[in-house]
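For reference, the structure discussed in these notes is given below.
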Amino acid sequence: MAKEKALLLDATYFDTNGESRISLFVGKENEYQWICDKTFRPYLYVLTGKEEIQKTTTELKNFTFGDFEKFNVLSVTETKMQVNGKIALKVEFKRVTHLVQARKLLSELGFEKYEYDVPYSKRYLLDKRLQPGNWVEFDVLGEEEIKGEVIETTSKEKTFTSGEEEEENAAGIVGKTKLIQNITPLDGEFEGRAIAFDLETKVGKKFAIGAEPILMVSFVADDLGQKHTKYEKVISYNTTKVPGLELVDSEKEIIDEINTELNNPKNGYIVTYNGDNFDFAYTKDRARKLKVDFKVNGFEPKIVRKGMDNATRLQGIQHIDSFQIIKFLQRTGAINAVKLDIESVSEKVFGVYKEKVFPKEITEAWESGDKKQLERLVDYNLKDSQTALRIAKEFLPLFVEISKLTSQTLYETTRNSTSQMVEDLLMKEAHLREIIAPNKPKENQVQERTANPIKGAFVKEPIAGLHEAIAVLDFASLYPSIIISHNISPDTLNCSHPECKEKNSSPDGTWFCTKEKGLFSEILGRLIKQRLILKKEYKRKKKEEGIDDKILFAKQWALKIILNSAYGYLGYPRARWYSRECASAITAFARGYIQETIAKAENSGFKVLYGDTDSNFLQMGNKTKKDVEDFTEKVNKELPEGMELEIDGFYKRGIFVTKKEGGAAKKRYALMDEKGNLKIVGFEYVRRDWCLLARETQKKVIELVLKEGNPTEAAKFVQGVIKELKEGKVAKKDLVIMTLLQRDIKDYDSIGPHVAAAEKAIKRGKELGVGSMLSFIVTKGKEKASISDKAELEEYVEEGNYDAEYYLENQVLPAVIKIMAELGYSREDLLHGGKQTGLSAWS
DNA sequence: TAATTCGCTAGACCGA
DNA sequence: TCGGTCTAGCGAA
C-alpha cells in the first residue's frame, strides 16, 4: 500500500457495478486524476426504542424495498447516539437510489429518520472532514476498471438547455481509476491552473440562449499558486483580422477551440463571469445545434437549479463563476455596488475603468469588420476574461478558507449562502461529537417560525441637534461574544441544574448550562480565538515585515463571516438548528448590556446622545479622552469574560435630525472625526434610491455645517442648486433614481414610480424582471399627472426633460431641510436666503 | 432554496 | 381634496 498526497478539487459519485462509489478529483503540479473510495456507503439513521433494537434491526434487514428492482438494506448498525431517549440505528445502502427509495417507505412505515437528505458526496466530505481546495493524504490500494454512469450528487438536479429538459447525462468515465482508502486532510499550498473564458454573441430580435451564433471568444489562463503562466487568446471567424485576434473558419471551429482550451489537462478551474447562466448554456446549445460535442473533463456541463438561480456544474474541474463571488461579497457587505456588471465591478473592486461595449455594437463590429470597432471589441472580450480571472484570483483564498471550515468544494462554497456555510460547519462538528443533526423543518414549521419573529435590538432615540466632542463606544462582536460568554446553544438551553438557572439566566427567562459547553458556543469560542490570533499575526506581519499576508487575511475573514452569521442562523426559519429561545436570549442579553452601559455612562456623568444595538454615543462635555478610557475599562471589568467594550473613535462634531413626524430620527446621523473625515450614516446620501443631485447636495450641506460650521454658506449652496434645477440645467445622470425591481411586475399591489416606469418600458419591448436595476427619471409629463405617470426609464428620457418641481420638492429639499432645520433654518430661509446666522445660533 | 430585526421615508391607495 | 393606512425599498447593526 502506497501513501499519496494531492490537492483535492471535487467529490462526486459514480454508480459502478450496481453500487455507488465516491470519486474524488485530485491532483498536483497541474496533473489530475479520479480516485475512488469503495469503503464508504450512503447511509441514514433510524430511531428505535431501547427495548426494540434487535426487533427493529431484524425488521429493517428483512424488509424488501423497491418498486421495480427489489433490494434490501446493506447493513444496520446500532450506534451510541440518541435522539429524545431513542437509539439511532445507522442504516447503510448499496446505492444512493436505494437510500432515496427507502427513505420514502421508511416514513410510510412510521420510522423516525434522520440525516436522510445529506447528499452522498457531501456526506463523505463532512464525515472525513476533508478540505477541498486543500490537500489530502490517502492509501492507494490498486487500480480498477470502471464502467459506470455518473449520477449527480443531489437527487433533485435536472439538466436543461434553454429551458427545455433533457435526458439525464448518461456519460461516464470509462477506464481505470485508483482505489484508495484512509483519506485524511493535509495542509498544503493552494495551486492550480485556472482558465477564464467569455463569449460574445450576436444579437437577434429577442434574446434567448443559443438563438444566435457565437461571434467571438476569449481565453485567459493563469496559475492560482505562486507560478505565473499567463496565456491569452481571442478568437473569431468571418471577420477582419486585427492585432490580438485569431481567426478560424466557422462557429463550429470556435466550439472546437472552446473544447480544446477547456479540456487542457492542466486545468483545475474554469472561470467565468455569469457562466452559471450564460456562457456554458450558450455554448452547450450552439454545440447541439451545430451537432458537435461539448464536454469538459469527459462530461457535459450540467445546468442545475441552485436556489432561485442556475448553476453550471462540471465534473472534477471546478467551475468558478466570479459573478457568484461578487454577489456573495455584496450580500455579506464586503462590497457595496449599485450594479454588478463586470464594468462596475472592475471599477469598484480594482479601481480599473473598463469600457462597456453594448450588444448592438458587438454585432455591428463583427459584421462590418471595421478595424477600429473590432479592435475595441477584441479588447473588451479579452478584458472580460481577464477581469473574471482577476476576481477569482483575488477572492478564491477566502473561499478556500471557507471550504476548509465547511468541508465543501469551491464549486459549492462560491455559491453557498452564509446559512448553508454555518450549517455545513455544524454538521461536520456534530458528526465529530457523535451528535445527530436535527432534520430540516417541514414547510408548516417554516411557516410557524416565520409567523413568530424574535424581538431584536434596542435602539435609543437620539438627542436631535448639532453636538460637539462625541465618543463612540461599541461592543466587539456583540452577538458572538454573548453566545460564547453565556454558553448559548440549543443543547445547553434550560438545562436541569438549578444553579445554572440561578447564575446564567437571560433577561428573557431562559437559562443556559454552565457545566458543559454547548455545540454552538464551543465552536464559536474556538473560531473567535483563532480569529484573534490570526488578526494579531496579520497586523504584526504588516507592521514589522511590511508584508500584506493575503492568506492570513482570508483566514480571519472566513471566520468573521461564519461568526457574524451564527446569530442569524439560529433565527433562520429553515435552519436545522433553529432555536427561537437561543436567538431570543441573545438579543435579550444584548439589550440588557447596552442599556446597562447607557445607565453606567450617565451615572459617570456622560450625556448619552444615541445608541444602536451595540454602540453608545457619549457627549464628552468637560470630560477628557482619559475619562472615556477609564469608563470603558470600568465597564469591561464588570463584563463577563469574552465580552469587551471598545472605543470606536472620537468625533469633533455630529448631527442628529428630527423626523418628519416629530422626534429624533434613529439610524441616521453624520459625524466628523478629528481629521475632518465625514461619516454619513443612514441619510439619503448613502441611499441609491435618491438621485445624485439630492445626495451630493446633502453631502455638501453636511460638510459645510460640520466642517466649516457655516450654515449660511450651506443655504447659499442649496439656493445655487435650486437655481440650476429651475433653469433646466441639471444633467440627466444627476437626476436618475435607482430602484431594484424586487418582484415580478404583476405581483405588485401598489404601483410605485419604478414599477410604472418598468411597465412602460416593457411595453416598448424591454425585458425586465425580478432583480432588474431600474434607473428612472421623473419627467415633465402632463399637469396633475402622478409621479408614477411621469416616471420613465432613463434610456427613454431626453436631456433636460425633467420635472424641476418634483426634484426640488421631493428630492433636494427633503434631503437638506432636516439638517438645516437643526441650525434654525426654515424652508423659506433656504429658498430665499433670509437668515444670516453663523455658529452662534446653535453653540 | 433565502442569516436576523429595527427603523425611516416615499408614494400609492382609499374612504370621507 | 385631504389625511390616514398600507406597500415598498433600502439602510443600520
Side-chain angles (χ1 to χ4, degrees), chain A residues 117 154 156-157 304-311 327-328 331-333 336 338 415-423 440 443 446 449-450 453-462 474-475 477-479 561-575 577-578 580 582-584 586-587 590-591 594 610-615 648 657-661 663-669 679-690 694 737-743 747-756 773-774 778 784 786-791 806 809-811 814-815 818:
Chain A
D117 52 2
T154 60
K156 284 180 198 157
E157 293 173 356
V304 298
R305 286 300 290 181
K306 183 138 177 133
M308 314 211 315
D309 214 353
N310 286 333
K327 281 201 280 190
F328 180 83
R331 281 205 303 276
T332 54
N336 182 9
V338 174
R415 289 167 180 81
N416 274 349
S417 62
T418 51
S419 69
Q420 190 58 251
M421 292 171 182
V422 173
E423 193 153 287
K440 284 186 188 164
E443 209 49 38
V446 173
R449 291 172 179 183
T450 309
I454 293 145
K455 193 173 169 191
F458 168 74
V459 189
K460 180 184 158 49
E461 185 179 311
D474 58 14
F475 283 95
S477 307
L478 179 64
Y479 288 2
I561 288 167
I562 303 279
L563 285 164
N564 284 346
S565 314
Y567 157 74
Y569 176 83
L570 282 169
Y572 171 49
R574 286 183 194 279
W577 274 275
Y578 172 88
R580 193 177 195 284
C582 288
S584 181
I586 294 165
T587 53
R591 290 192 299 273
I594 197 70
Y610 178 58
D612 183 351
T613 312
D614 60 356
S615 70
D648 164 77
V657 301
T658 342
K659 279 187 291 186
K660 199 166 195 174
E661 312 295 334
K666 299 166 177 177
K667 298 189 188 283
R668 4 181 84 201
Y669 56 85
K679 186 177 175 189
I680 301 176
V681 179
F683 276 121
E684 285 77 3
Y685 173 68
V686 299
R687 295 181 65 97
R688 65 158 177 247
D689 56 349
W690 282 74
I737 297 164
M738 286 199 269
T739 315
L740 188 70
L741 201 60
Q742 304 230 49
R743 53 180 81 164
D747 296 334
Y748 281 93
D749 291 330
S750 179
I751 310 300
H754 70 295
V755 183
M773 182 58 75
L774 305 172
V778 177
K784 281 193 182 172
S786 73
I787 295 164
S788 286
D789 290 337
K790 290 188 272 192
Y806 170 82
E809 294 293 340
N810 300 35
Q811 291 277 325
K818 287 288 158 193

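Here is the naming used below: chain letters follow the sequence lines, and residue numbers restart at 1 for every chain.
Contacts of A:R449 classified as salt bridge (Lys or Arg N to Asp or Glu O under 4.0 Å), with partners at least two apart in sequence or in another chain: none. Partners of A:Y578 according to the ring pair (Phe, Tyr, Trp, His ring centres under 6.0 Å) rule, which considers only residues two or more places apart in sequence or in another chain, do not exist here. Remark: A:R580 pairs with no residue by the salt bridge (Lys or Arg N to Asp or Glu O under 4.0 Å) rule, at least two apart or across chains. Residues passing the ring pair (Phe, Tyr, Trp, His ring centres under 6.0 Å) test with A:Y610 are A:F617, A:F656, A:Y669, sequence neighbours excluded. Remark: A:E461 pairs with no residue by the salt bridge (Lys or Arg N to Asp or Glu O under 4.0 Å) rule, at least two apart or across chains. The side chain to side chain donor-acceptor pair (under 3.5 Å) search around A:R688 returns none, not counting sequence neighbours. The salt bridge (Lys or Arg N to Asp or Glu O under 4.0 Å) check on A:K667 picks up A:D612, with sequence neighbours excluded. Contacts of A:A694 classified as side chain to side chain contact (heavy atoms under 4.5 Å, CB included), with partners at least two apart in sequence or in another chain: A:W690, A:C691, A:Q811, A:A815. Listed by chain and number, the residues in a side chain to side chain donor-acceptor pair (under 3.5 Å) with A:Y569 are A:E423 (sequence neighbours excluded).
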> What does nucleotides 9-16 of chain B look like as a protein-contact string, B for base, S for sugar-phosphate only, - for none, at under 4.0 angstrom between heavy atoms?
Replying inline: SSSSS---
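Heavy-atom contacts of chain A under 4.0 Å fall on DNA chain C between two terminal nucleotides, which in 5' to 3' order are C:dT7 to C:dA13.
The minimum heavy-atom distance between A:S788 and A:G752, with the atom names listed, is OG-C, 3.2 Å. Listed here is the closest heavy atom pair of A:G456 and A:T587: O-CB, 3.8 Å.
In this structure, CZ of A:R574 is placed 15 Å from C1' of B:dT4, rounded to the nearest angstrom. For the pair A:R331 CZ and B:dT1 C1', the computed distance is 12 Å after rounding to whole Å. Put simply, CZ on A:R449 is 14 Å from P on B:dA2, counting in whole angstrom units. Distance, A:K440 NZ to B:dA2 C1': 13 Å, rounded to whole Å. The distance from atom CZ of A:F328 to atom C1' of B:dA3 is 11 Å, rounded to the nearest whole Å. Distance CG (A:D689) to P (B:dC8): 16 Å, rounded to an integer number of Å. Computed from coordinates, the A:K460 NZ to B:dT5 C1' distance equals 20 Å when rounded to whole Å.
Comparing C:dA12 with B:dA3, their C1' atoms are spaced 16 Å from each other, to the whole Å.
Heavy atoms of A:Y479 sit nowhere under 4.0 angstrom from any nucleic acid atom. Within the 4.0 angstrom heavy-atom criterion, no nucleotide atom of any strand lies near A:L478. Within 4.0 Å (heavy atoms only), A:Y610 reaches no atom of the nucleic acid at all. Among the heavy atoms of the strands, none lies under 4.0 Å from A:L570. When heavy atoms are screened at a 4.0 angstrom cut-off, A:K666 is found touching the sugar-phosphate backbone but no base atom. Residue contacts shown for A:S417 are limited to sugar-phosphate atoms, with no base heavy atom under 4.0 Å away. Residue A:G456 is in sugar-phosphate contact alone, with no base atom involved, counting any heavy-atom pair closer than 4.0 Å across all strands shown.
For the pairing with A:V778, the side-chain contact (heavy atoms from CB on, under 4.5 Å) check across A:D789, A:I787, A:N810 returns one residue only, A:I787.
OP1 or OP2 of B:dA2 sits under 4.0 Å from a side-chain N or O of A:Y572.
Axis orientation changes by 10° from one end of the helix from B:dT4-C:dA13 to B:dA16-C:dT1 to the other, with each end axis drawn from 5 pairs and the value rounded to 10°.
Each of A:A457 and A:N564 was assigned the nucleotide of DNA chain B with the nearest heavy atom; the assignment lying further toward the 5' end belongs to A:N564.
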